[in-house]
Amino acid sequence: MAAHYASQKASSTPSDDPQLMAVGQFVYERGNVYAGLPACLSCHGTHGRGSASMPRLAGQHPSYLESQLLHFHQRERSNDSAIMTVISARMSQLETRAVAEYLGALK
């Protein structure tokens with residue numbers, strides 16, 4: 001099964017809101033110092049491609065990413081040693097949506 005999924009090509013979901021994408025890119029690359037929010041790329045890597053220990057986020061459907069951040073925030077998902085619970089609690093609704101849109105558009 002792993003070989004099947006590894007052979008799949010990455011896809012993306014283009015956004016029609018360039019301003020929202022710009023906010024998402026900013027938060028992903030730089031975080032929000034005023035909210036104590038670290039840059040997402042510090043763990044998930046440049047362009048959301050992940051690593052051996054971090055999941056790839058690039059190309060995930062924006063609504064899926066947004067819902068998973070909400071699950072972390074509500075403590076309904078806890079497979080990450082609680083770091084994403086803390087991070088998602090520091091994200092505004094705008095930042096959550098913007099990061100999801102930005103990542104969804106990446107390949």
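Throughout, residue positions are numbered sequentially from 1 according to the sequence presented.
Scanning all heavy atoms of the two residues, the minimum distance from V99 to C40 falls at CG1-SG, 4.4 Å. Taking every heavy atom of both residues into account, S88 and L69 meet most closely at CB-O, 3.5 Å. Taking each heavy atom of L106 and S12 in turn, the nearest pair found is O-CB, 3.4 Å.
Between N32 and R90, the closest side-chain pair of non-hydrogen atoms is not below 4.5 Å. Between P38 and I87 the shortest side-chain heavy-atom distance falls below 4.5 Å. Here the side chains of T96 and L70 are not in contact, with every heavy-atom distance at 4.5 Å or above.
A chain of hydrophobic side-chain contacts below 4.5 Å, direct or via other Ile, Leu, Val, Met, Phe, Trp or Tyr residues, connects L41 to L65.
Applying the ring pair (Phe, Tyr, Trp, His ring centres under 6.0 Å) test to every pair with at least one member in residues 78-98, sequence neighbours left out, gives no pairs at all. Listed by first and then second residue, the salt bridge (charged side-chain N to carboxylate O under 4.0 Å, His left out) pairs involving residues 13-32 amount to none (not counting sequence neighbours). Under the ring pair (Phe, Tyr, Trp, His ring centres under 6.0 Å) criterion, no residue pair touches residues 70-95, with sequence neighbours excluded. Listed by first and then second residue, the ring pair (Phe, Tyr, Trp, His ring centres under 6.0 Å) pairs that reach into residues 6-54 are Y28-Y102, sequence neighbours excluded. For residues 75-94, there are no ring pair (Phe, Tyr, Trp, His ring centres under 6.0 Å) pairs, not counting sequence neighbours. For residues 71-84, no residue pair satisfies the salt bridge (charged side-chain N to carboxylate O under 4.0 Å, His left out) rule, not counting sequence neighbours. Residue pairs meeting the salt bridge (charged side-chain N to carboxylate O under 4.0 Å, His left out) criterion with at least one member in residues 49-59: none, sequence neighbours excluded.
Checked against side chain to side chain contact (heavy atoms under 4.5 Å, CB included), S92 has the following partners two or more places apart in sequence or in another chain: L94, E95. The side chain to side chain contact (heavy atoms under 4.5 Å, CB included) check on S51 picks up S53, M54, with sequence neighbours excluded. For E66, the salt bridge (Lys or Arg N to Asp or Glu O under 4.0 Å) partners at least two apart in sequence or on another chain are R97. Scored by the side-chain hydrogen bond (donor to acceptor under 3.5 Å, both in side chains) test, S15 finds E101 as partners (sequence neighbours excluded).
Other residues sharing the hydrophobic cluster of V86, ordered by chain and number and joined by side-chain separations under 4.5 Å: none, the residue standing alone.
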